[in-house]
Amino acid sequence: MARKKKQKAPLTWKLLSAGFAVPAGIAVRKATDAAWYGVRGTMPPKNPAAPGVSWPEALAWAGVSGLAIAAGRLVAARGAAASYEKLTGKLPPGINEGTT
């Protein structure tokens with residue numbers, strides 16, 4: 001059985017994905033902090049595992065931040081892939097068209 005050689009990602013793809021991920025991460029963090037403050041009136045817990053943070057508050061923050069981070073990663077990855085495809089005319093490595 002022949003093994004497929006793992007293909008290195010082009011520098012363009014690495015730069016684009018990082019260029020989308022960093023600002024998306026910053027924006028998601030600021031948005032979740034602001035949303036938490038707007039709803040709860042307090043800043044979100046810095047360390048949800050700390051003994052002074054209640055279980056409901058820690059679980060709520062884990063859910064909110066986890067959902068926001070996952071959505072932010074998706075937006076950044078799709079934006080980077082679309083930009084890469086527009087620049088090069090092909091999909092980035094590891095991105096399959098029309099997979100289910």
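Note that the coordinates shown come from a computational prediction; the quantities given were computed from them, not determined experimentally.
- The minimum heavy-atom distance between Ala77 and Trp13, with the atom names listed, is O-CH2, 4.3 Å.
- When all heavy atoms of Thr32 and Ala68 are compared, the closest pair comes out as CG2-CB, 3.1 Å.
- When side chains are defined from C-beta on, Pro44 does not count as touching Ser65, because their heavy atoms never get closer than 4.5 Å.
- One distance of note links NZ of Lys90 with CD1 of Ile95; it measures 14.0 Å at 0.5 Å rounding.
- Remark: Val53 engages Pro45, Ala50, Glu57, Ala58 in a side chain to side chain contact (heavy atoms under 4.5 Å, CB included) (not counting sequence neighbours).
- Among pairs with a residue in residues 36-56, none fulfils side-chain hydrogen bond (donor to acceptor under 3.5 Å, both in side chains), at least two apart in sequence or across chains.
- Closest of all the heavy-atom pairs between Ser17 and Ala80 is CA-CB, 3.8 Å.
- The CG atom of Leu16 lies 9.0 Å from the OG1 atom of Thr88; values are rounded to the nearest 0.5 Å.
- Side-chain contact between Leu91 and Tyr84 is absent, with no heavy-atom pair separated by less than 4.5 Å.
- Residues satisfying the side chain to side chain contact (heavy atoms under 4.5 Å, CB included) test with Leu67, not counting sequence neighbours, are none.
- Here the closest non-hydrogen pair linking Ala24 and Gly72 is CB-O, 4.1 Å.
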